[in-house]
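Structure first, then comments.
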Amino acid sequence: MTLTVSLPDGSERTLPAGASAADLATSIGPGLAKASVAALVDGRLRDLSRTLPDGARVALVTRSDDHQDALWVLRHSAAHVLATAVRRVRPGAGIGFGPPIAEGFYYDFAVDEPFTPEDLEEIEARMREVTATATPFSRRRVDRAEAEALFADDPLKLERLAEIPEDEPITVYENEPFLDLCRGPHVPATNEIKHFKLLNAAGAYWRGDENRQMLQRIYGTAFYTRKALKARLHQIEEAKKRDHRRIGEAMDLFSVEEEVGPGLVCWHPAGARIQMELRRWIEDLLARRDYEFVYTPHIANEALFRRSGHLPNYAENMFPPMVDRGPGSGAAAIRLKPMNCPGHCMVFAARPRSYRDLPIRLSEIANVYRNERSGTLHGLLRVRMLTMDDGHLFCTPGQVEGEIFTCLELVRTVMTTLGLSYRFDLSTRPHSGKRIGGDEVWDAAEAALVQALERSGLDYDLDEGGGAFYGPKIDVKFRDAIGREWQGATIQLDFNLPERFELEYIGTDNRAHRPVMIHRAILGTIERFTGVLTEHFAGAFPLWLAPVQVRVLPISDAQQDAADSVRDALREAGIRAETDARSETLGYRIRDGELKKTPYLLIVGQREANEGSVAVRARGAEKKQIVMTAGEFLARVTDERDSRALAP
RNA sequence: GCUCGCGUAGCUCAGUGGUAGAGCGCAUCCUUGGUAAGGAUGAGGUCGCGGGUUCAAUCCCCGCCGCGAGCUCCA
């Protein structure tokens, strides 16, 4: 008896019946056998030790820090080793879930006392004991009764067990002495896990449900090579150094004071400068694309938000009402706006609209106010007064694709200018019952988004069922300088608000039609975007965004006038320049300028003062400075600013 | 909002049951220095807020507020 499998290169191999993926690897070569950790059998990850079905397509998964499947298996196994070690330190620990995640793995434990940093050290040491020897991960199928017996004293596992459908096999994995209810697969043995590190511990709700018990989660990461682990740990260090709260303090960009209130940002002059540049840039880009700007009130009658659906659906995130003349007077309750769309709908509805008016593109770079839960606030990334570069497009169904296309083009312009790589997620209709509008409407809307994406020649990932109840959307994810991904622009179709506000336009048939509404934000919010850019650039903003663009350093008092006149000429050209004539050594002032990430330091000594030149020291270029005339520098720096260049 | 941790000078942090210290920054003076920290002197703190224990609390206990790591949520 034999079985035949096909390999990724299209070739076929015949093996004795009952052969495993490990046997397959051995039959191909000892090197492959040694390098394999798991197998993809008909596209599904399997243990190396599982028998192969006849006719399967098999790809061996070899040790690699570049291969998601390989890392997935390793980290999943590392999670089991973590649980093994925790059970040694806390024998009674209940066991929740322990999956691999994008950058590592975690495991949740039900324990009486939370883990301390010292506990993590000890647990990690125990893990090293476990991985020092080759204890196999062995898979076993069990029936329900046996599984219930095995996990009789672990209520979390019993709960999970009860959810496994009758027709699904129940498997357990054991790396002695630890036994877990688990679908697998795993690496062959514990000694495969060589390069790992526990990172932190924190509470996590059982099953992510805030009404259920709080478990203690331990995060860690694991790789096949020491180099990759070191790179990851370095990335974590780098992220700490780039933390926008730290840089914001050092560069005096902003502050969040307890006395003002949590999640409320005071922008200092340097930070406000960055914000202003971003804002002007976006406004200019929008104006060129036929947007019109509006202002709508920051506070409004509650009735507006009742109509828009915010009060029934979004009240959690809205501040409580204010009443201007006291209760009982008949005065309306007033709310701070959490979004701009209701106001923009009112602008649209304020007069009759013809199809000739469409599309109408309204933009408002406005503050909105959201009563975010206190535990979610974080520097500039999550605040309670935020500034959206908001816009709402009102158009006919036939115009949707073209409008989306233009939005995508705008996204590309913004991301390219800032040197950010990005990708798109297309989120389609949620499951029926959780959406409004008929299937034909959704079909057309999704098709329009797909066509716009394809017309742009852009790749996208599909997030099926991820759309809002009121319409499908395209989300932009961009990657920063150290590889982290952030939510950027969002473009959302909305069939809901035009209904609620009874928006209409008169069509060519002289009858009223409902417009389609598109919500879109390109930066998202200025606060978050500034925070992310601060981390992306590590404070070294491109010249056009830098709060101070040029600092002029006279070598001694004798050159102060010369330095000031260079500074004044730069200012005349709209360059943000200042003189640093402090009574400190030149070395000190250069160091200070570099630490403040000033794009250009101009040194003016007697030589330069005599000949009308400046010694230009570009940020980070150290001693590779160039002497040029003040006029040459001015031309160069204005050009760099006007082109929004990323680097000199 | 929840769990745990933290809260000392403008910033980063040390410290003690007997009302406090460093470095940086800041101020003044000296120094006028050619490419990443010149020197001296000085100011600056209700030790987050409120209770409690104690002869005595910045330190121990409780509550509140804020921050951090996560969870949940999300621009």
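Naming: A, B, ... by sequence-line order, numbering from 1 per chain.
Annotation: A:Arg207, atom CZ; neighbour count of heavy atoms from other residues, nucleotides and ligands within 6.0 Å is above 12. Crowding of A:Gln235 atom CD: a count of heavy atoms from other residues, nucleotides or ligands under 6.0 Å exceeding 12.
Only the P atoms considered, B:A20 is 14 Å distant from B:G44, to the nearest whole Å. The separation of B:A14 from B:U58, taken at their C1' atoms, amounts to 14 Å, rounded to a whole angstrom. Taking the P atoms as reference points, B:U53 lies 15 Å from B:C61, given to the whole Å. Atom name C1', nucleotides B:C65 and B:C49: the rounded distance is 7 Å, in whole Å. On the P atoms, B:U41 is 12 Å away from B:G23, given to the nearest whole Å. Across the C1' atoms, B:C71 and B:C13 are found 30 Å apart, a figure rounded to whole Å. Nucleotides B:U16 and B:G68, compared at atom P, are 27 Å apart to the nearest Å. With P as the reference atom, B:A69 and B:C30 are 47 Å apart, rounded to whole Å.
Centroid-to-centroid, the aromatic rings of A:Tyr107 and A:Phe109 come within less than 6.0 Å. When ring centroids are compared, A:Phe633 and A:Tyr600 come within the 6.0 Å threshold.
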What does the 5'-to-3' dot-bracket notation of RNA chain B look like when only Watson-Crick and G-U wobble pairs under 3.5 Å count, and pairs to other strands show as |? (((((((..((((....[..)))).(((((.......))))).....(((((..]....))))))))))))....
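Between A:Phe529 and A:Leu418, the closest side-chain pair of non-hydrogen atoms falls below 4.5 Å. Looking only at side-chain heavy atoms (C-beta outward), A:Tyr588 and A:Asp580 stay at 4.5 Å or farther from each other. You'll find the side chain of A:Leu278 stays beyond 4.5 Å of the side chain of A:Asp389, heavy atoms only. A heavy-atom distance below 4.5 Å is found between the side chains of A:Glu210 and A:Tyr205. Residues A:Leu393 and A:Cys407 form a side-chain contact, since some pair of their non-hydrogen atoms from C-beta on lies under 4.5 Å apart. Looking at heavy atoms from C-beta onward, A:Arg370 lies out of side-chain contact with A:Arg384 at the 4.5 angstrom threshold. Considering only heavy atoms from C-beta on, A:Leu253 stays 4.5 Å or farther from A:His268 through its side chain. Considering only heavy atoms from C-beta on, A:Glu608 stays 4.5 Å or farther from A:Val566 through its side chain.
Atom C1' of nucleotide B:G70 and atom CH2 of A:Trp206 are separated by 18 Å, given to the nearest angstrom. Separating the CD atom of A:Glu257 from the C1' atom of B:G7 is a distance of 14 Å, rounded to the nearest angstrom. Rounded to a whole Å, the CD1 atom of A:Ile236 is 13 Å from the C1' atom of B:A69. When rounded to the nearest whole Å, the span between CZ of A:Arg246 and P of B:U12 equals 9 Å. A:Leu253 places its CG atom 15 Å from the P atom of B:C11, with the value rounded to the nearest Å. Straight-line distance from the CD1 atom of A:Ile247 to the C1' atom of B:U12: 15 Å, rounded to whole Å. As a whole-Å value, the separation of A:His268 NE2 from B:G10 C1' is 11 Å. The CG atom of A:Asp557 sits 13 Å away from the C1' atom of B:C30 (whole-angstrom rounding).
Judged by atom type and distance alone, A:Tyr106 does not reach the base of B:G70 through any side-chain donor-acceptor pair under 3.5 Å. Scanning atom types as modelled, one donor and one acceptor separated by under 3.5 angstrom connect the side chain of A:Ser583 and the base of B:U31. For B:G34, its base never sits under 3.5 Å from the side chain of A:Gln559 at any donor and acceptor pair.
The residues A:Arg160 and A:Glu163 are annotated as salt-bridged, a charged nitrogen and a carboxylate oxygen being separated by less than 4.0 angstrom. Between A:Lys241 and A:Glu238 there is a salt bridge, since a side-chain N of the basic residue sits under 4.0 Å from a carboxylate O of the acidic one. Using a cutoff of 4.0 Å between basic side-chain nitrogens and carboxylate oxygens, A:Glu122 and A:Arg126 are scored as salt-bridged.
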Dump the pairs, protein N or O against N or O of nucleotides 3-6 of chain B, anything under 3.5 Å, distances to one decimal.
from: B:U3; atom 1: O2'; to: A:Gln216; atom 2: NE2; distance (Å): 3.2

Restricting both atoms to N or O, compile the protein contacts to nucleotides 25-28 of chain B shorter than 3.5 Å, with distance only.
from: B:G25; atom 1: OP1; to: A:Tyr588; atom 2: OH; distance (Å): 2.7

So which protein N/O to nucleotides 59-65 of chain B N/O distances come out below 3.5 Å?
from: B:C65; atom 1: O2'; to: A:Glu258; atom 2: OE2; distance (Å): 3.0

N/O-N/O pairs, protein side and nucleotides 73-75 of chain B side, under 3.5 Å:
from: B:C73; atom 1: O2; to: A:Arg382; atom 2: NH1; distance (Å): 2.7
from: B:C73; atom 1: O2; to: A:Arg382; atom 2: NH2; distance (Å): 2.6
from: B:C73; atom 1: N3; to: A:Arg382; atom 2: NH1; distance (Å): 3.2
from: B:C74; atom 1: O2; to: A:Arg528; atom 2: NH2; distance (Å): 3.3
from: B:A75; atom 1: N6; to: A:Glu372; atom 2: OE2; distance (Å): 3.2
from: B:A75; atom 1: N6; to: A:Arg382; atom 2: NE; distance (Å): 3.1
from: B:A75; atom 1: N6; to: A:Val383; atom 2: O; distance (Å): 3.1
from: B:A75; atom 1: N1; to: A:Val383; atom 2: N; distance (Å): 3.2
from: B:A75; atom 1: N3; to: A:Thr525; atom 2: OG1; distance (Å): 3.3

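For the segment residues 590-599 of chain A, residues with any heavy atom less than 4.0 angstrom from an atom of RNA chain B are, sorted by number, A:Ile590, A:Arg591, A:Glu594, A:Leu595.
The side chain of A:Ser556 sits closest to B:U32 out of B:U35, B:U32, B:U72.
Remark on RNA chain B: of its neighbouring residues A:Ala558 and A:Ala201, the 5'-side contact belongs to A:Ala558, judged by nearest-heavy-atom nucleotide.
For A:Tyr600 and B:U35, the shortest distance from a side-chain N or O to OP1 or OP2 is not below 4.0 Å.
Applying side chain to side chain contact (heavy atoms under 4.5 Å, CB included) to A:Phe254 and the options A:Glu527, A:Glu249, A:His244 leaves one that passes, A:His244. Of the residues A:Arg617, A:Arg589, A:Lys596, the one that meets the side chain to side chain contact (heavy atoms under 4.5 Å, CB included) test with A:Arg551 is A:Lys596.
Distance check, rounded to the nearest 0.5 Å: NZ of A:Lys337 to NE2 of A:His310 gives 11.0 Å. The OH atom of A:Tyr422 lies 15.5 Å from the NZ atom of A:Lys477; values are rounded to the nearest 0.5 Å.
Residue-level contact check: A:Asn200 touches the backbone only, with heavy atoms under 4.0 Å from sugar-phosphate atoms and none from bases. A:Arg245 comes within contact range of the sugar-phosphate backbone alone, with a heavy-atom separation under 4.0 Å but no base atom that close. Among the protein residues, A:Gly605 comes within range of the nucleic acid bases, having at least one heavy atom under 4.0 Å from a base atom.
A cation-pi arrangement is found for A:Arg217 relative to A:Tyr106, the charged atom lying closer than 6.0 Å to the ring centre and inside a 45° cone about the ring normal.
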Apply the test side-chain hydrogen bond (donor to acceptor under 3.5 Å, both in side chains) to residues A:Glu103 and A:Tyr219: give CA-CA distance (whole Å), side-chain angles for both, the deciding distance (0.1 Å), then the verdict. CA-CA 10 Å; A:Glu103 301 288 354; A:Tyr219 284 93; over 6 Å; no
